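Some notes on the structure that comes next.
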Amino acid sequence: MIEVFIENTKGSRVKHHHDEKNLVPLFDEVVARPFPYDYGFVIGTTAAGGDGDNVDCFVITHRTLRTGDVVMCEPLALMEQNVDGYTDHNVVAGLEGEPPELPDGVAERLAEFIAAFREHQPEVSSRPGRLLDREAALAFVAASLDPP
């Protein structure tokens with residue numbers, strides 16, 4: 001299980017930015033596309049090989065989540081992503097207690113979102129990659145855990 005801080009809600013074009021180590025709001029911006037799923041980050045991590053931020057996480061659920069919610073999740077997959085030459089992979093997770101499976105079309109929706117997310121920032125290159133399995137997600141999170 002992983003603990004995920006919800007930063008942005010599905011269907012919203014507002015991206016909230018937080019100090020990810022202290023969970024303090026910093027600023028908001030409007031992005032090119034609405035988030036296809038709730039989105040946040042895994043508490044207690046720093047993304048391995050990435051931008052120094054926590055591990056990003058899309059949460060697949062039918063429940064209504066809000067910015068600032070902290071939820072327990074089960075990693076289901078890992079979406080590869082490259083932003084301006086660095087790795088910025090996203091864990092794809094399901095809420096604890098919900099069926100541990102990905103709905104049809106998740107890979108396509110995420111790839112489309114990642115490709116279009118930074119349309120308002122033409123100077124930033126963002127490319128989606130493959131959707132990897134649960135074991136890849138677990139290994140990525142394990143490699144990204146902050147020291148105790």
Side-chain angles (χ1 to χ4, degrees), residues 1-29 31-61 63 65-103 105-118 121 124-148:
M1 283 293 162
I2 55 175
E3 189 175 28
V4 177
F5 179 90
I6 300 300
E7 199 168 32
N8 306 294
T9 57
K10 65 184 164 208
S12 176
R13 288 187 55 220
V14 176
K15 177 169 177 37
H16 304 283
H17 294 267
H18 288 78
D19 174 322
E20 295 183 352
K21 302 306 178 189
N22 299 307
L23 310 182
V24 176
L26 297 174
F27 65 95
D28 299 337
E29 71 176 308
V31 294
R33 300 285 171 98
F35 285 86
Y37 305 103
D38 294 297
Y39 177 83
F41 51 85
V42 181
I43 295 172
T45 61
T46 301
D51 56 7
D53 289 342
N54 289 42
V55 171
D56 297 321
C57 184
F58 286 100
V59 178
I60 312 297
T61 183
R63 279 187 37 204
L65 300 178
R66 301 193 188 294
T67 297
D69 285 351
V70 175
V71 294
M72 295 304 294
C73 295
E74 182 67 37
L76 303 175
L78 183 69
M79 184 73 192
E80 292 180 320
Q81 181 179 357
N82 184 284
V83 179
D84 281 346
Y86 69 85
T87 300
D88 194 19
H89 293 348
N90 301 286
V91 170
V92 181
L95 281 183
E96 179 180 38
E98 293 187 0
E101 55 197 38
L102 290 176
V106 167
E108 294 80 10
R109 287 186 77 191
L110 288 176
E112 178 184 309
F113 176 73
I114 290 166
F117 176 69
R118 299 185 188 272
Q121 297 173 309
V124 178
S125 167
S126 181
R127 292 188 332 267
R130 303 168 296 166
L131 185 68
L132 304 176
D133 63 14
R134 179 178 187 277
E135 287 72 31
L138 291 169
F140 188 74
V141 170
S144 302
L145 290 174
D146 291 338

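Remember, it's a predicted structure, so these values are computed and weren't measured experimentally.
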Quick one: side-chain hydrogen bond (donor to acceptor under 3.5 Å, both in side chains) partners of R130, sequence neighbours excluded? E80
From [X] [atom1] over to [Y] [atom2], what is the distance, rounded to the nearest 0.5 angstrom?
X: E7; Y: L65; atom1: CD; atom2: CG; value: 13.5 Å
X: E101; Y: L76; atom1: CD; atom2: CG; value: 9.0 Å
X: I6; Y: H18; atom1: CD1; atom2: NE2; value: 11.0 Å
X: I2; Y: E96; atom1: CD1; atom2: CD; value: 11.0 Å

Flag the pair [X] / [Y] as yes when at least one side-chain heavy-atom distance between them is below 4.5 Å, and no otherwise.
X: L131; Y: M79; answer: yes
X: V42; Y: N54; answer: no
X: C73; Y: L95; answer: yes
X: L78; Y: E135; answer: no
X: R13; Y: R33; answer: no
X: V141; Y: V91; answer: yes

Heavy-atom closest pair, residues P75 and A137: CB-CB, 4.0 Å
For P34 and G11 the tightest heavy-atom approach is CB-O, 3.5 Å
Residue of the set K10, K15, H16 for which side chain to side chain contact (heavy atoms under 4.5 Å, CB included) holds with Y39: K15
H17 side-chain N/O to D28 backbone N/O, donor-acceptor pair under 3.5 Å: no
Under a 3.5 Å distance rule, please check whether S144 uses its side chain to pair with a backbone N or O of V55 as donor and acceptor. no
Report the residues that fulfil salt bridge (charged side-chain N to carboxylate O under 4.0 Å, His left out) with D19, sequence neighbours left out, ordered by chain and then residue number. none
All salt bridge (charged side-chain N to carboxylate O under 4.0 Å, His left out) counterparts of E20, not counting sequence neighbours: none
Go through the steps to decide whether L110 and Q81 satisfy the test side-chain contact (heavy atoms from CB on, under 4.5 Å), and finish with yes or no. CA-CA 10 Å; L110 288 176; Q81 181 179 357; over 6 Å; no
Checking side-chain contact (heavy atoms from CB on, under 4.5 Å) for the pair K21/D146: CA distance, chi angles, key distance, verdict? CA-CA 10 Å; K21 302 306 178 189; D146 291 338; 3.5 Å; yes
Below 30° counts as parallel, above 60° as perpendicular, anything between as tilted: where do the rings of F41 and F5 land? parallel
Test side-chain contact (heavy atoms from CB on, under 4.5 Å) on I43 and V70; report intermediate values, then the result. CA-CA 9 Å; I43 295 172; V70 175; 3.9 Å; yes
